[in-house]
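I have placed the structure first, in the form of structure tokens, so that the comments after it can refer back to it.
Because only heavy atoms are used, hydrogens play no part in the values below, and waters and symmetry mates are left out as well, while side chains stay in. This is a predicted model, so every value here is computed, not measured.
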Amino acid sequence: MSVLAGLTAALSSGSVEIIDLTTPLSSETPILNLPQPFANTVGLSVSPVSNFDDAGPAWAWNDVTVGEHAGTHLDAPVHWITGKDGKSVDQIEPHRLVGPIAVIDKTTEVSADPDFLLEPEHFEQWQEEHGAFPENCWVIFRTGWAARGADAAAFVNADDAGPHTPGVSAAGAKWLAGNASISGFGVETVGIDAGQAGGLDPMFPVHSFLLGADKYGVTSLRNVDRLPVTGATLVVAPLPIVGGTGSPSRVYALVEKATVETA
């Protein structure tokens, strides 16, 4: 049996499970809100073209308006000034969007401190425990934040000082960008940077360092609690928007059933 035939058989039998990591996209899905004077993107709006009526008696279809960076979405290099001469979302090679998952679990720390930041030592400790990050891998930051997803206010977690959500320090972001094995970084929060990252140097360091190094981000992930620390494969499926700085995406994990049960 070929490798592909084996994978197809495993998917059919359920011995390889597909876990959907995508937040359902609706007009209520929380999106990133920047402070004034900066402009903001829009969420999802749906306008019917016809709905089995005089405008289309046998069919229903809609016009959809949505920001590139709404809901679970991919950040492409051209999203940030450090990557402005890099790839738009349609130019990212598909093989970079499929790769092994490395889960860094800081759920306990984040429950005690919503502003928790990953530092280089956290990535180094992970490698001491699990081995080097595999080639073309996606580092997924497990925080438990998706549990807040049904409550927009809790998900954004903002006060007068701005949003308070976990992320990565400037040193940690630089470390990620400098690791040749890493293709991307995924989070449960609304953006790949911490809520208070505007006050770091550089500001929004994950955007700055990763996108400038031809690496990618995915946000607003769900079901990360179901992933094993190692052994799963990520599949990110953005729309190939020509010139796009990002795209709402369907994100899946392929996980061997035995690995899921022992995670």
Between the main-chain N or O of [Y] and the side-chain N or O of [X], is there a donor-acceptor pair closer than 3.5 Å?
X	Y	result
Arg250	Ala237	no
Glu256	Val16	no
Asp20	Tyr252	no
Lys215	Ile182	yes
Asn223	Ile19	no
Arg142	Val224	yes

Under 4.5 Å between any side-chain heavy atoms of [X] and [Y], yes or no?
X	Y	result
Thr29	Thr23	yes
Val103	Thr230	no
Glu17	Arg226	yes
Thr143	Val187	no
Pro100	Phe133	no
Val42	Thr65	yes
Thr219	Thr72	no
Leu221	Ile140	yes

Practice problem: Kindly say whether the aromatic ring centers of His122 and Phe116 come within a distance under 6.0 Å. | Solution: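 His122 vs Phe116: aromatic centres under 6.0 Å.
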Reported [atom1]-to-[atom2] distance for the pair [X] and [Y], which is rounded to 0.5 angstrom:
X	Y	atom1	atom2	value
Thr189	Trp145	OG1	CH2	8.0 Å
Leu74	Leu239	CG	CG	10.5 Å
Ser181	Leu176	OG	CG	12.0 Å

Nearest heavy-atom neighbours spanning [X] and [Y]:
X	Y	value
Asp201	Ala170	O-CB, 3.4 Å
Trp175	Pro120	CD1-CB, 3.8 Å
Lys87	Ala76	O-CB, 3.8 Å

Quiz item: Hey, quick one: are Leu21 and Leu97 part of the same hydrophobic cluster, counting side-chain heavy atoms closer than 4.5 Å, chains of contacts allowed?
Solution: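 Shared cluster, yes.
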Quiz item: Does the side chain of Thr245 pick up a donor-acceptor pair with the side chain of His69 at under 3.5 Å?
Solution: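 Looking only at side-chain atoms, His69 and Thr245 do form a donor-acceptor pair, the distance falling under 3.5 Å.
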Practice problem: Taking atom types as modelled, find out whether Asp115 and His164 have a side-chain donor-acceptor pair closer than 3.5 angstrom. | Solution: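 Side-chain D/A pair, Asp115 to His164: present.
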Exercise. Report the relative orientation of the aromatic rings in Trp126 and His130; use parallel for angles under 30°, tilted for 30 to 60°, perpendicular for over 60°.
Key: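 It falls in the tilted class, 30° to 60°.
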Exercise. Linking directly or through intermediates, with side-chain heavy atoms under 4.5 Å: list the remaining ILVMFWY members grouped with Phe209, chain and number order.
Key: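 For Phe209, no cluster forms, as it stays isolated from other hydrophobic side chains.
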Exercise. Provide the full list of salt bridge (charged side-chain N to carboxylate O under 4.0 Å, His left out) pairs with a residue in residues 40-50, sequence neighbours left out, each pair given once.
Key: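 Listed once each, the pairs would be none.
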